[in-house]
Every structure is written in structure tokens, then in C-alpha cells.
Amino acid sequence: MRERFVIMPEYSSLEKIRLQKLEELRAEGIEPFPTRAERTHTSAQAIAEFESAEKEGREVKATLAGRIRATRAMGKLSFAHIEDGDGKIQLFFRVNEVGQDRIDFFNKMFDIGDFIQVGGVMMRTKTGEATLLVHEFKMLAKAVSPLPAAKDETLEDGTVVRHAALEDAEIRARQRYADLAVNPEVRDVFRKRAAIIKSLREFLDEKGFLEVETPILQPIYGGAAARPFVTHHNELDQDMYLRISFELYLKRLLVGNLEKVYEIGRDFRNEGVSFKHNPEFTQLEFYWAYADYLQVMELTEQMVSSVAQQVLGTMKIKFKDHEIDLTPPWRRLEMRQGLLDVTGVDIYAHTDSDSLAAALRAKGLVPPVGVTRGKLVDWMLSEKLEPTLIQPTFLYDYPRDISPLAKSRPNDPLTVERFEGYVAGFEICNAFTELNDPLDQESRFLEMGRDYTDDEEEKHPMDDDYLRAMRYGMPPNGGFGMGVDRLVMLLTNKHNIREILLFPALRKEEFNSPGETE
RNA sequence: GGGCGCGUAGCUCAAUGGCAGAGCAGUGGCCUUUUAAGCCAUUGGUUGAGAGUUCGAAUCUCUCCGCGCUCACCA
């Protein structure tokens, strides 16, 4: 199979016309991509200043810069809307101010999508719209390819209907630049995303946590059960893994007497892609010395609700058909009880996988066969319980055998102090009282190694350096991990991770030449 | 990776075996307060790619490419 990138094999007819305009501009001595631009006001600033000035009968001069989104040419008049970072504003070109030649020039040479600089005076049109009456204008950047421009229609009741908007999911994701350029609400999603991350950071900073950066390229991966991406360092001549979690490095810092640490960054997992999974995703983890999972629970509900309050101005959010209230305290549900409620089976009464599977089948359920007890519990959880957890819920106390880095409950070796936070039926975070006994940790590594002998990549590899660190002494601590993308989905009411990632993972663009197949 | 579905003009969509179309965008013309501006005219297509069935394929079949949904996987 021959591979190559698709590099716009040929210009379309629309593009050829625009290229011709480029040449004509240059022939007239006009640079279509000038080096510098000027601007005195954004669209919103110009309108705001005009609205206060017009009461006093004061004139507002403004130079604006932005992208042409619509034009309406009428012979001796032209109207246009440009859009900048603050919004849209109408331009009014009139023969009185600029002369017929410049009107014709604008109509002929300027297309939707072009960047323009306009200087003039603010005024109000007959229909009452605050508008810039243009005295002078200048091309800032010509768009060679037509933007997939939409038209906005404002109905009587003020609602805006967008016609022929770019909707193709593939083009929107692949050409996010075009999606952002024509769909303003997409820009808002990413502004909100930035605000959420900033707010998380501020919350943790304010609580005295230290933000740190740990290696993305790691000689040994760990901290989660996931397949890693493998790469190679040439000079060191060794394979490296892209991290699947931050956990083991952050906990090494507790050994180093840093008591409260966190990191927000990218994790990489070489696994399936779905509406809630991307191969690289943003994770928040923190570790808190001398705290346990109950304290982490309280901090979690404070953190998530305060982020919502700060970013959205409310703790009551909408997600799909659900009205969700993030106000603390959140419901706390012991996992054993939760599973008993939805399946009628008490996992504590069945301490091996055969017994538990039999009990489930006796209730008419169809659990997967040939798996560990931990996996059976996981199945009960994800199939039966999770979908019912719409309002924020902490599910707590998990089986030890699916939690190799969590600390057992005192006097209950089969159960660990762990919780997961659920909202809208999906998991947003995972936390536990961290295991800090180096000898116990070593035996857990060995245990996990045995469980995954068939699948080399997924097993927890022994991390000798981590054990060495633990042997110096690690304070008791509570740890926390949250998929930031999931939180962003929740707070923006987007139901696909692709909607809240600027550049989600997609197959490489390539094509087979006619007749050539593998 | 499995199952189901989709792919038609720059964008949004029609055409279900019988001449590939519409609106917007574009191009030419008219128009001094428009705002999906309007009116007249007009350009634009390898119907994702390739093969097959048929007198005839956007439409039916197969292969491939891409995307979506879903299952599996996934702390």
C-alpha cells in the first residue's frame, strides 16, 4: 500500500478565483498578507464605548480587526459583519465616505473568511444596530480556501438559527481550525475547558498543594492497569514508556517530605478509542500526606462543586436529560451495599470467583466466565450499578484484588479504603488511602504479575525503584486521580470526549491510489 | 478487532435502477439602511476509491478508505 498525505491535490474552482484575486491585489501594489495590523478596539469595546458616548452625543472613532463572516452588497452601499475575539460587529461601507471605487474594490476583492482592518466612526443604523461606518479599510489576510461559512438568522423572538453550519463530525474534528472559525459555541467550550483547569489549579494551590512535573517518558510504567505506548531512546539505547499515570512518581515525592503535591498533565494509554476514551487524556492527581480517603472525599466534593460554581456560576448542572446537583455533601454508598441493592448478591458472602459467579447466575444474571472475583465485581459495578448513579455519589470500599496500590481496611484484608466518584452514570475520579507498606506493596506487585501472565503489556511491572523509595518510609496519605476530560464533558454538557479535545486522535489522512491495495 | 450505519457541489441537503438537483457560497448585472438582504442571469460533480451485475448504477453486489453508533477492550 502506498501511503501519502493528502495535500490538496488541486485547487477548487472557488480557490482558483481567490488566488486570482491575490494576484490582482499584488498587481495593484497591495500586499494581501501585510506584516502589521492596527486595532484600537475590539468589537465589544467599540459597541460598549459607543453606547455610553451616544447619550452624551460624543463621537467614537475606532479601528477594528477581524474576520469577515457575512457581506451584503447593495451598489452604493455595502454591509458586512466581522467577527473578532469578542464577538461580531456590523460594518457599513457607503459611497459618501469611501467613494464608489472603494465600494467596488471591497465587493470584488474581499470574501467571507478574509481578515480585514477597518477604521471609522461608530453609528446606529435605521434598524438600531450599533455599526462601524467605515472610512478606510485594509486587507489583513486573504483566505484562499472558502470557510465553510454558516449564516445566522435571527428570528422574531431573538433566537438565532444557523443555516448550513459545518456539522460533519469528521471535518469538525480533523479541521478543528475551521470548526472553531465558523462555530463560535465551539470556542466557548474550549474557553470553559481552560477555565475549569485554571479553577482546579487555583483550588489546590489555595489548599497548599505544590504543583509538580514528573516524567512523561518513563523506563517503567505503572500506577494503573493499562497498555502503554512504547518508544525508544537512541543514545541510552533503551525502551521508554509514555506514562499511563503519575501515581508512582508523585508518591515518591511524599517520601521526599513534600507533603501535598499535585500534577495536571497528559496520560497515554494504548487502548480503544471511544466516546469517553482518547489515547492521550488529561489527568489530575494529588497526594496528601497524613490524610485518608475520607478526607480526600470531602476535598473532592468541595473541589468539583467550587469549580462548577466558579466556571458556571452554579452547582446545579444539566447533563443530557439529567438535572444534577453538585452541592456538597455527596451521597456516600458502600460498594457492597450498592451492589447488593442492584443485584441482590452480597459480595462479602462470596469470597471466590466460582461462588460469586454462581450466586449471580442464581439471580438470573449473566456474568462473564473464567474471570477473577475482582473482575466479576467490576462487571457488577459497571453493568448494574454505575448507570444508576446519576446524582454525585461516592462509592467506597473496594475489593483488594482490583486495587493493588490501595491500603486495606484495618481488620479487613479483603477490602481496601478506596472510593470512586460517579456523576451522571460515569466515573469521574478514583481515590484511596494509599498503600505505604513496602513489603505489602512488593507482594501486591507479585500478585498482579501473576494475574496477567497471559498479557505481558497489561500487567503491573515490578518497580524496584519505587519499592526502594517506600522502604525509606512513606507517610500515610490519601491519593486522588480524576479524568479532567470527563469533568469537562460533565460541566459543558458534551457527550463525546471528541467535543472537548481540540485535536482528538484520528486515523492518519491517507488514501490508496487507484488499483493499489495491500 | 466484531456488528450496524453513513459518505452526493465549498457548506447544508434532495434524487431508491431511467437526463445528478436545490438553498447558501461563488461569478456577471440592478439596487444609498441591509442583516439567511432582494431581484435577474450563471459557473460549479470521477456521487469517497476500485471492481462487478444491468440495456442503463448515486441507487444493487463485492473489496478497500474514512467517519459515526455500538460491543469488546478500558481503574
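On a predicted model such as this, the values are computed, not experimentally measured, just so you know. Protein chains get the first letters and strands the later ones, always in sequence-line order, with residue 1 at the start of each.
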Hey, mind stepping through A:Asp152 and A:Arg69 against salt bridge (charged side-chain N to carboxylate O under 4.0 Å, His left out) and telling me if it holds? CA-CA 10 Å; A:Asp152 289 343; A:Arg69 292 301 308 275; 5.6 Å; no
Looking only at B:C69, B:C11, B:U27, the nucleotide nearest the A:Asn496 side chain is B:C69
N-O pairing of A:Arg400 and A:Asp412 below 4.0 Å: no
Of the nucleotides B:A75, B:C74, B:G44, which one has an atom closest to the side chain of A:Glu271? B:C74
Taking a pair to mean Watson-Crick or G-U wobble geometry with both distances below 3.5 Å, B:G23 pairs with B:C11
A:Lys494 and A:Val189: which non-hydrogen atoms are nearest, and at how many Å? CE-CG2, 3.6 Å
Give me the distance, rounded to whole Å, that separates B:G10 from B:G26 when you measure between the P atoms they each carry. 15 Å
Mind checking A:Glu129 for me? I need base, sugar-phosphate or nothing, with any heavy atom below 4.0 Å counting as a touch. base
Check this for me: does the side-chain of A:Asn96 come within 3.5 Å of the base of B:U32 through a donor and an acceptor? yes
Answer yes or no: side-chain N or O of A:Gln90 and base N or O of B:U34 forming a donor-acceptor pair under 3.5 Å. yes
Under a 3.5 Å cut-off for both distances, is B:G5 Watson-Crick or wobble paired, and to whom? B:C67
Could you measure between the two P atoms, the one in B:G21 and the one in B:A9, and give it in whole Å? 14 Å
If only side-chain N and O atoms count, and only distance matters, is there a donor-acceptor pair under 3.5 Å linking A:Tyr398 with A:Asp378? no
Need the pair for B:U53. Rule: Watson-Crick or G-U wobble, both distances under 3.5 Å, any strand; none if unpaired. none
Donor-acceptor pair under 3.5 Å, A:Thr125 side chain vs B:U34 base: yes
Under the criterion side chain to side chain contact (heavy atoms under 4.5 Å, CB included), which of A:Asn477, A:Val416, A:Asn436, A:Asp440 is the partner of A:Lys407? A:Asn436
A:Asp111 has an atom CG; how far is it from atom C1' of B:U27, in whole Å? 11 Å
Once you apply a heavy-atom cut-off of 4.0 Å, does A:Phe92 come out as touching a base, just sugar-phosphate, or nothing? base
Starting the side chain at C-beta, find the nucleotide from B:U27, B:U12, B:U33 nearest to A:Leu166. B:U12
Looking only at atom P, what distance separates B:C65 and B:G50, rounded to whole Å? 15 Å
Quick test of your reading of the model: are A:Glu420 and A:Arg418 salt-bridged, counting only N-O distances below 4.0 Å? yes
Which value, in whole Å, describes the distance between the P atoms of nucleotides B:U8 and B:G56? 26 Å
Say we look at B:G17 and B:U61: how far apart would their P atoms be, to the nearest angstrom? 13 Å
Can a cation-pi geometry be assigned to A:Arg102 and A:Phe137, taking NZ or CZ under 6.0 Å from the six-membered ring centre and within 45° of the ring axis? yes
Listed nucleotide nearest any side-chain atom of A:Arg174, set B:G10, B:C67, B:A75: B:C67
Taking ring pair (Phe, Tyr, Trp, His ring centres under 6.0 Å) as the criterion, tell me which of A:Phe394, A:Tyr396, A:Phe432 meets it with A:Phe419. A:Phe394
What nucleotide among B:U33, B:A75, B:C13 has an atom nearest to a side-chain atom of A:Leu77? B:U33
Between A:Glu427 and A:Lys276, is there a side-chain N and carboxylate O pair less than 4.0 Å apart? no
What does A:Lys16 touch in the nucleic acid at a heavy-atom separation under 4.0 angstrom: a base, only the sugar-phosphate, or nothing? nothing
Counting side-chain heavy atoms from CB outward, which of B:U33, B:C11, B:G66 is closest to A:Ile171? B:C11
Value in whole Å for how far the P atom of B:U34 lies from NZ of A:Lys88: 19 Å
Which part of the nucleic acid does A:Leu14 contact within heavy-atom distance under 4.0 Å: base, sugar-phosphate only, or nothing? base
Nearest to the side chain of A:Glu170, which nucleotide is it out of B:G66, B:U27, B:U34? B:G66
Distance check, C1' atoms only: B:U43 and B:G28, in whole angstrom units. 10 Å
G-U wobble or Watson-Crick pairing nucleotide for B:A58 (cut-off 3.5 Å, both distances): none
Using the C1' atom as the point on both nucleotides, what is the distance between B:C74 and B:G1, in whole Å? 14 Å
Nearest to the side chain of A:Glu167, heavy atoms from C-beta on, is which of B:U12, B:A75, B:C67? B:U12
Shorter than 3.5 Å, N or O on both sides, protein versus nucleotides 36-38 of chain B: list them out with atom names.
from, atom 1, to, atom 2, distance (Å)
B:A36, O3', A:Lys151, NZ, 3.4
B:A36, N7, A:Glu153, OE1, 3.4
B:A36, N1, A:His163, ND1, 3.0
B:A37, OP1, A:Lys151, NZ, 2.3
B:A37, OP2, A:Arg72, NH1, 3.3
B:A37, N6, A:Ala73, O, 3.3

Hey, do the aromatic rings of A:Phe426 and A:Phe319 have their centres closer than 6.0 Å? yes
G-U wobble or Watson-Crick pairing nucleotide for B:U16 (cut-off 3.5 Å, both distances): none
Rounding to the closest angstrom, what is the interatomic distance between B:A72 and B:G3 at atom P? 15 Å
Pair assignment for B:G38, Watson-Crick or G-U wobble, requiring both distances under 3.5 Å: B:C30
